[in-house]
Undergrad: 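Can you read through this structure? Questions will come right after.
A quick note: this is a predicted structure, and the numbers were derived from the prediction, not measured. Each chain gets a letter, A, B and so on, in the order its sequence line appears, and its residues count up from 1.
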Amino acid sequence: MSLKQGIRIADLAEHKGQSVTLQGWITFRRDSKGIVFAGLRDGSGFAQVVVAEDRVSPEAYQTAQSLQLENAVRLHGTVVHNERMNEMELEVTDLELLHAGAEYPITRKAHGVEFLMDHRHLWLRQPKQWAMMRVRNRLVYAIHRFFQERGFMQLDPPLFTANAVEGTTTLFETDFYGEPAYLSQSGQLYGEALAMAHGLIYTFGPTFRAEKSKTRRHLSEFWMIEPEMAFYDLDDNMDLIEEFIVFIVRDMLEGCAKELELLERDTTMLEKVSKGFPRLSYDEAVAIIRGEQAVDGRKSLDVLAEDLKAVEEEIAANEKDIAEREAAIAAGGMKKGAVNFNRNKIDQLIARNKELAERASNIPQWMESARNFQHGEDFGGSDETVLTRLFDKPVMVYRWPAAIKAFYMKRDPEFPDYVKGVDLLAPEGYGEIVGGAEREDDLDLLLARIKAHDLPQEAFEWYLDLRRYGTVPHAGFGLGLERLVTWLSGTHHIREAIPFPRAYGRLKP
RNA sequence: UCCUCCAUAGCUCAGUUGGUUAGAGCGGUUGACUGUUAAUCAAUAGGUCCCUGGUUCGAGUCCAGGUGGGGGAGCCA
């Protein structure tokens with residue numbers, strides 16, 4: 001893909017030896033006598049450009065020497081292969097400064113969360129954030145391809161709604177011509193109506209939850225994919241979830257290798273994502289969490305105890321490393337560059353140990369919580385981690401106690417206190433990314449559950465009509481896009497998985 | 001709503017039992033160095049120590065309240 005003027009960095013290799021024009025922004029500058037090295041990014045990638053004093057005009061060289069972070073430039077030069085870095089770079093013959101601008105606030109050094117979030121509009125330009133957005137884009141495209149290739153229609157539910165889909169969660173209230181209206185927390189009920197019209201559908205849009213959650217897994221505004229399939233039961237639903245997850249993970253590994261490398265994502269666990277996800281009933285899952293049932297000869301509490309030991313050993317090793325580096329610096333005689341290198345290394349080790357110390361203090365709590373897990377409760381974050389730790393693929397948990405699940409889930413005829421719901425838990429501590437169910441298709445049962453959940457029946461009359469006119473078995477699921485991006489990119493916090501996160505305490509920029 | 005931690009230079013942080021003029025690295029600026037890889041070397045500018053009140057001869061440091069933020073619980077995708 002070419003620009004109106006010049007080419008893009010992503011296409012540099014195709015132009016080896018040619019004279020080309022690049023346009024972009026400066027990511028770094030280092031100079032030495034007679035030579036300036038600068039980094040350039042243009043949205044398609046990153047490359048180094050080299051300005052040698054004897055190859056350009058004196059004016060151009062002076063401009064090159066004065067380049068600052070995020071200056072906008074247009075460069076002309078020859079594409080060459082840099083043997084040292086094994087990368088394509090540009091030997092500049094001429095350059096124009098398009099905009100010099102002010103001193104750029106984000107540097108290549110460490111920054112705190114608050115500072116970065118306040119500068120999110122600029123942070124997005126940094127390589128890791130750039131890679132993250134590329135992963136997000138790839139996933140969105142793969143999701144559409146997966147469903148479109150299988151005959152699903154993408155149709156959009158309304159975002160203004162009159163009532164909650166699930167009575168419990170908090171809603172954002174707005175004013176709709178004088179009437180209270182709420183921002184949608186799920187498009188599912190509308191998805192069911194659309195499935196009765198089109199058979200196979202999916203919705204893909206923003207949803208809003210006014211939960212005052214400050215955790216790494218929650219956003220107030222997030223994007224959800226919600227397929228709904230007529231004539232599907234719970235097993236069909238689980239088959240589709242599995243096929244879907246395998247498809248998008250494979251596609252991303254194939255299409256985003258460069259991005260995952262920039263993100264320093266260890267892809268070992270992702271490469272194991274293939275058909276045959278473990279399917280556990282809620283009852284089995286509870287037994288495993290409590291340590292009553294082994295998986296491949298291993299019990300949850302034993303594995304956690306081993307993990308704790310490993311964490312403690314790593315902390316001790318890091319402390320020894322830190323002490324040695326500090327002693328070496330204190331001994332003197334070290335060059336400044338080496339001192340900086342060791343200081344940075346020490347900072348990294350301290351940060352790592354802080355993380356490990358948190359985990360070390362968490363694990364005994366997880367064990368305690370796992371041991372005392374009460375049958376009938378929903379899983380907490382730590383229970384999900386404990387369970388998935390025993391498997392090397394995403395885990396499906398199905399047939400949940402009716403009391404803790406939404407009113408619309410279908411009662412299991414063979415297990416009257418359970419519903420035909422399913423959650424998909426991602427490995428590596430990322431937890432729940434999919435929640436789905438076969439829907440209750442019996443009008444009388446649905447009416448009873450609306451009453452039992454204390455929901456206003458009149459608000460659901462249109463939904464009940466779906467059971468009055470040609471009701472059929474149907475099922476669907478919801479997938480949080482940002483949780484998927486967070487998991488696949490190996491990111492610590494969900495706020496980096498969306499361009500401009502909206503969360504409790506975060507409305508700007 | 002609850003628990004817990006934090007706020008000092010543009011950024012990341014140190015700052016001793018409360019004691020003279022507030023410290024480092026990075027970033028900026030100036031200069032040196034002909035292939036740098038978060039380059040290196042030298043010099044230099046840069047501060048309302050979050051806000052309000054209190055204790056004290058004296059507060060960046062102690063106390064109370066507030067504001068902003070981090071992590072977690074609950075709830076969820």
Undergrad: With Watson-Crick and G-U wobble geometry limited to distances under 3.5 Å, how should the secondary structure of RNA chain B be encoded in dot-bracket form, using | for bases paired to another strand and [ ] for crossing pairs?
TA: (((((((..((((.....[...)))).(((((.......))))).....(((((..]....))))))))))))....
Undergrad: Does a distance-only test, which skips hydrogens and angles, find a donor-acceptor pair under 3.5 Å between the side chain of A:Glu89 and the base of B:G35?
TA: yes
Undergrad: List the residues meeting side chain to side chain contact (heavy atoms under 4.5 Å, CB included) with A:Ala60, not counting sequence neighbours, and say none if there are none.
TA: A:Val56, A:Ser57, A:Asp94, A:Leu95
Undergrad: With a 3.5 Å cut-off and heavy atoms only, can you find an N or O donor on one side and an acceptor on the other between the side chain of A:Thr215 and the base of B:G71?
TA: no
Undergrad: Under a 4.0 Å threshold between the charged nitrogen and the carboxylate oxygen, would A:Glu482 count as salt-bridged to A:Arg136?
TA: yes
Undergrad: Between B:C76 atom C1' and A:Leu479 atom CG, what is the distance in whole Å?
TA: 14 Å
Undergrad: Mind checking side chain to side chain contact (heavy atoms under 4.5 Å, CB included) for A:Ser369 and listing every partner two or more places apart, or none if nothing turns up?
TA: A:Ser382, A:Asp383
Undergrad: In whole angstrom, what separates A:Trp487's CH2 from B:C76's P?
TA: 22 Å
Undergrad: Using a cut-off of 6.0 Å, state whether more than 12 heavy atoms not belonging to A:Phe172 lie near its atom CZ.
TA: yes
Undergrad: Provide, to the nearest angstrom, the distance between the CZ atom belonging to A:Phe28 and the P atom belonging to B:G35.
TA: 15 Å
Undergrad: Summarise how protein sits on nucleotides 65-70 of chain B as a single string, 5' to 3': B when a protein heavy atom is under 4.0 Å from the base, S for sugar-phosphate-only contact, - for no contact.
TA: ---SSS
Undergrad: Would you please name every residue forming a salt bridge (Lys or Arg N to Asp or Glu O under 4.0 Å) with A:Asp239, sequence neighbours left out?
TA: A:Arg279
Undergrad: If you check the A:Ile35 side chain, which of B:G35, B:C11, B:A73 turns out closest?
TA: B:G35
Undergrad: Does the distance from a Lys or Arg side-chain N to an Asp or Glu carboxylate O, for A:Asp307 and A:Arg389, drop under 4.0 Å?
TA: yes
Undergrad: Just checking A:Leu481: base, sugar-phosphate only, or nothing, at a heavy-atom cut-off of under 4.0 Å?
TA: nothing
Undergrad: Could you please name the option among B:G74, B:G28, B:C33 that lies closest to any side-chain atom of A:Glu103?
TA: B:G28
Undergrad: Can you work out whether A:Thr107 or A:His111 has the more 5'-proximal nearest nucleotide on RNA chain B?
TA: A:His111
Undergrad: Return the set of residues passing side chain to side chain donor-acceptor pair (under 3.5 Å) with A:Lys128 (not counting sequence neighbours), or none when no residue passes.
TA: A:Glu264
Undergrad: Using the side chain to side chain donor-acceptor pair (under 3.5 Å) criterion, which residues pair with A:Glu440? Sequence neighbours excluded.
TA: none
Undergrad: If I take atom CD in residue A:Gln365 and atom P in nucleotide B:U4, what distance separates them, rounded to the nearest angstrom?
TA: 13 Å
Undergrad: Without decimals, in angstroms, what is the distance between A:Ile363 CD1 and B:G72 P?
TA: 15 Å
Undergrad: Can you tell me how far P in B:G70 sits from the matching atom in B:G25, rounded to whole Å?
TA: 30 Å
Undergrad: Could you tell me how far apart A:Ile404 (CD1) and B:A77 (P) are, to the nearest whole angstrom?
TA: 12 Å
Undergrad: Under 6.0 Å between ring centres: does that hold for A:Phe146 and A:Tyr202?
TA: no
Undergrad: Which nucleotide, B:C33, B:C75, B:A77, lies nearest any side-chain atom of A:Glu432?
TA: B:A77
Undergrad: Roughly how many Å is it from NZ in A:Lys212 to P in B:G71, rounded to a whole number?
TA: 18 Å
Undergrad: Residues two or more places apart in sequence or in another chain: which of them pass ring-ring contact (aromatic ring centres under 6.0 Å, His included) with A:His218?
TA: none
Undergrad: Below 4.0 angstrom from OP1 or OP2 of B:G72, is there any side-chain N or O of A:Arg216?
TA: yes
Undergrad: From the list B:G35, B:C76, B:U36, which nucleotide is the closest neighbour of the side chain of A:Met85?
TA: B:U36
Undergrad: Counting any heavy atom closer than 4.0 Å, what does A:Val434 reach on the DNA or RNA strands: base, sugar-phosphate only, or nothing?
TA: sugar-phosphate
Undergrad: Heavy atoms only, 4.0 Å cut-off, all strands: where does A:Asp423 land among base, sugar-phosphate and nothing?
TA: nothing
Undergrad: Does anything in residues 48-69 of chain A come within less than 4.0 Å of RNA chain B? Heavy atoms only, and list the residues if so.
TA: A:Gln48, A:Gln68
Undergrad: Looking at A:Phe147, is A:Arg145 sitting on its ring face, NZ or CZ under 6.0 Å from the six-membered ring centre and within 45 degrees of the normal?
TA: no
Undergrad: Base, sugar-phosphate or nothing for A:Phe222? Non-hydrogen atoms, less than 4.0 Å.
TA: base
Undergrad: What nucleotide among B:U37, B:C11, B:A77 has an atom nearest to a side-chain atom of A:Met224?
TA: B:A77
Undergrad: Counting side-chain heavy atoms from C-beta on, which of B:U36, B:C75, B:U1 comes nearest to A:Phe37?
TA: B:U36
Undergrad: Which salt bridge (charged side-chain N to carboxylate O under 4.0 Å, His left out) pairs, counting each pair once, include a residue from residues 49-71 of chain A, with sequence neighbours left out?
TA: A:Arg41-A:Glu70, A:Arg55-A:Glu91, A:Glu70-A:Arg125
Undergrad: Could you check whether A:Glu368 pairs with A:Arg371 (Lys NZ or Arg NE/NH1/NH2 to Asp/Glu carboxylate O, under 4.0 Å)?
TA: yes
Undergrad: For the rings on A:His121 and A:Phe500, is their centre-to-centre separation under 6.0 Å?
TA: no
Undergrad: Can you pull out the residues from residues 366-380 of chain A that lie within a 4.0 Å heavy-atom distance of RNA chain B?
TA: A:Asp378
Undergrad: Kindly write out the residues that satisfy side chain to side chain contact (heavy atoms under 4.5 Å, CB included) with A:Glu89, not counting sequence neighbours, or none if the list is empty.
TA: A:Gln48, A:Val50, A:Val80, A:Asn82, A:Met85
